[in-house]
Amino acid sequence: QVQLVESGGGLAQAGGSLRLSCAASARTFSTYAVGWFRQAPGKERDFVAAINWSGITKYPDSVRGRFTVSRDNPKKTVYLHLNSLKPEDTAVYYCAADTTLGAFTTTPMYWGQGTQVTVSS
(Lines give C-alpha, C1' and ligand atoms only; values in the text may rest on other atoms or scores of the structure.)
Protein backbone atom coordinates (compact mmCIF):
# COMPACT_ATOMS: atom_id res chain seq x y z
CA GLN A 1 0.00 0.00 0.00
CA VAL A 2 1.30 3.43 -0.95
CA GLN A 3 -0.06 6.72 0.32
CA LEU A 4 0.84 9.88 -1.56
CA VAL A 5 0.51 13.48 -0.40
CA GLU A 6 1.12 16.39 -2.74
CA SER A 7 2.14 19.90 -1.76
CA GLY A 8 3.57 23.03 -3.33
CA GLY A 9 0.75 24.09 -5.60
CA GLY A 10 -0.41 27.67 -5.77
CA LEU A 11 -0.59 30.74 -7.95
CA ALA A 12 2.18 31.70 -10.36
CA GLN A 13 2.55 34.18 -13.18
CA ALA A 14 3.15 33.12 -16.75
CA GLY A 15 6.84 32.52 -17.24
CA GLY A 16 7.30 31.74 -13.56
CA SER A 17 8.13 28.55 -11.71
CA LEU A 18 6.73 26.27 -9.05
CA ARG A 19 7.94 23.12 -7.37
CA LEU A 20 5.49 20.39 -6.43
CA SER A 21 6.34 17.71 -3.90
CA CYS A 22 4.90 14.24 -3.48
CA ALA A 23 5.63 12.55 -0.16
CA ALA A 24 5.12 8.80 -0.06
CA SER A 25 4.55 6.39 2.77
CA ALA A 26 5.68 3.16 1.14
CA ARG A 27 8.37 1.19 2.95
CA THR A 28 9.79 0.19 -0.44
CA PHE A 29 9.39 3.61 -2.03
CA SER A 30 12.70 3.39 -3.86
CA THR A 31 11.42 0.51 -5.99
CA TYR A 32 8.36 2.36 -7.30
CA ALA A 33 7.92 4.49 -10.37
CA VAL A 34 6.33 7.79 -9.33
CA GLY A 35 4.92 10.52 -11.49
CA TRP A 36 2.40 13.22 -12.15
CA PHE A 37 -0.82 13.76 -14.03
CA ARG A 38 -2.92 16.88 -14.33
CA GLN A 39 -6.53 17.66 -15.00
CA ALA A 40 -7.88 21.03 -16.04
CA PRO A 41 -11.58 21.90 -15.62
CA GLY A 42 -13.68 20.21 -18.26
CA LYS A 43 -10.73 18.28 -19.68
CA GLU A 44 -9.39 14.77 -19.43
CA ARG A 45 -6.57 13.85 -17.11
CA ASP A 46 -3.19 14.05 -18.85
CA PHE A 47 0.14 12.46 -18.10
CA VAL A 48 2.84 15.00 -17.17
CA ALA A 49 5.98 13.21 -16.00
CA ALA A 50 7.26 10.08 -14.31
CA ILE A 51 10.51 8.69 -12.93
CA ASN A 52 11.37 5.09 -12.20
CA TRP A 53 13.53 3.54 -9.49
CA SER A 54 16.74 4.04 -11.45
CA GLY A 55 16.09 7.64 -12.45
CA ILE A 56 14.78 7.08 -15.96
CA THR A 57 12.26 9.78 -16.77
CA LYS A 58 9.33 10.07 -19.14
CA TYR A 59 7.55 13.21 -20.38
CA PRO A 60 4.98 14.10 -23.01
CA ASP A 61 6.00 16.62 -25.69
CA SER A 62 3.74 19.27 -24.15
CA VAL A 63 5.99 19.71 -21.10
CA ARG A 64 9.37 18.31 -22.15
CA GLY A 65 12.04 20.95 -21.60
CA ARG A 66 9.87 22.95 -19.19
CA PHE A 67 9.04 20.43 -16.46
CA THR A 68 11.53 18.22 -14.64
CA VAL A 69 10.75 15.28 -12.36
CA SER A 70 13.24 14.15 -9.74
CA ARG A 71 13.25 11.96 -6.64
CA ASP A 72 14.92 11.82 -3.26
CA ASN A 73 14.62 8.22 -2.09
CA PRO A 74 15.85 8.73 1.52
CA LYS A 75 13.15 11.40 1.91
CA LYS A 76 10.59 9.26 0.02
CA THR A 77 9.71 12.31 -2.02
CA VAL A 78 9.31 13.03 -5.71
CA TYR A 79 9.44 16.56 -7.06
CA LEU A 80 8.01 18.18 -10.15
CA HIS A 81 9.77 21.38 -11.16
CA LEU A 82 7.51 23.51 -13.33
CA ASN A 83 9.33 26.20 -15.31
CA SER A 84 8.27 28.65 -18.02
CA LEU A 85 4.71 28.25 -16.85
CA LYS A 86 1.84 29.01 -19.19
CA PRO A 87 -1.81 29.73 -18.39
CA GLU A 88 -2.68 26.42 -20.04
CA ASP A 89 -0.67 24.64 -17.32
CA THR A 90 -3.45 25.56 -14.89
CA ALA A 91 -4.85 22.33 -13.49
CA VAL A 92 -5.04 20.07 -10.47
CA TYR A 93 -1.79 18.09 -10.39
CA TYR A 94 -1.93 14.53 -9.07
CA CYS A 95 0.92 12.38 -7.89
CA ALA A 96 0.72 8.69 -8.78
CA ALA A 97 2.79 5.57 -8.21
CA ASP A 98 3.10 2.08 -9.57
CA THR A 99 5.74 -0.57 -10.01
CA THR A 100 6.76 0.37 -13.57
CA LEU A 101 6.94 3.39 -15.86
CA GLY A 102 4.71 1.50 -18.25
CA ALA A 103 1.80 1.95 -15.86
CA PHE A 104 1.86 5.67 -16.60
CA THR A 105 0.59 5.03 -20.13
CA THR A 106 -2.63 3.80 -18.55
CA THR A 107 -3.67 4.22 -14.93
CA PRO A 108 -1.18 3.84 -12.09
CA MET A 109 -2.33 1.98 -9.02
CA TYR A 110 -1.83 4.62 -6.32
CA TRP A 111 -2.94 8.27 -6.33
CA GLY A 112 -2.70 11.36 -4.19
CA GLN A 113 -5.46 13.87 -3.60
CA GLY A 114 -4.06 16.54 -5.90
CA THR A 115 -2.78 20.08 -5.60
CA GLN A 116 -4.02 23.09 -7.53
CA VAL A 117 -1.71 25.03 -9.82
CA THR A 118 -3.01 28.28 -11.27
CA VAL A 119 -1.02 30.30 -13.79
CA SER A 120 -2.09 33.85 -14.49
CA SER A 121 -1.34 35.63 -17.75
(request) Only counting residues at least two apart or in another chain, list the ones meeting side chain to side chain contact (heavy atoms under 4.5 Å, CB included) with Trp111. (result)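 Trp111: side chain to side chain contact (heavy atoms under 4.5 Å, CB included) contacts with Phe37, Arg45, Tyr94, Ala96, Thr107, Pro108.
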
(message) In the structure I gave you, are the side-chain heavy atoms of Arg38 and Thr90 within less than 4.5 Å of one another anywhere?
(response) no

(message) I'd like to check Ser84 versus Lys86 (side-chain heavy atoms, cut-off strictly below 4.5 Å). Are they in contact?
(response)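 A side-chain contact is absent here, since even the closest heavy-atom pair is not under 4.5 Å.
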
(message) Given 3.5 Å as the limit, does a donor-acceptor pair link the side chain of Glu6 with the main chain of Gln113, or not?
(response) yes

(request) Please answer whether the main-chain N or O of Gly55 pairs with a side-chain N or O of Asn52 as donor and acceptor at a distance below 3.5 Å. (result)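 Indeed, once roles are kept as given, a pair shorter than 3.5 Å links the two residues.
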
If you measure from [atom1] on [X] to [atom2] on [Y], what distance do you get to the nearest 0.5 Å?
X: Glu88; Y: Ser121; atom1: CD; atom2: OG; result: 10.0 Å
X: His81; Y: Ser17; atom1: NE2; atom2: OG; result: 10.5 Å
X: Arg27; Y: Gln1; atom1: CZ; atom2: CD; result: 13.0 Å
X: Ser21; Y: Asp72; atom1: OG; atom2: CG; result: 10.0 Å
X: Thr57; Y: Arg64; atom1: OG1; atom2: CZ; result: 8.5 Å

(request) Quick one: name the residues clustered hydrophobically with Val48, using the 4.5 Å side-chain heavy-atom rule over I, L, V, M, F, W, Y, and just say none if it's on its own. (result)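 For the cluster that includes Val48, the remaining residues are Val2, Leu4, Leu18, Leu20, Phe29, Tyr32, Val34, Trp36, Ile51, Tyr59, Val63, Phe67, Val69, Val78, Leu80, Leu82, Leu85, Tyr93, Met109, Tyr110, Val117, Val119.
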
(message) On a heavy-atom basis, which atom in Thr77 and which in Ala23 lie closest, and how many Å separate them?
(response)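 For Thr77 versus Ala23, the nearest heavy atoms are OG1-CA, 4.2 Å.
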
(request) Check Val92 against Gly114 and note the closest heavy-atom contact, atom names and distance. (result) CG1-CA, 3.9 Å

(message) How about CD on Gln13, more than 12 heavy atoms from neighbouring residues, nucleotides or ligands closer than 6.0 Å, or not?
(response) no

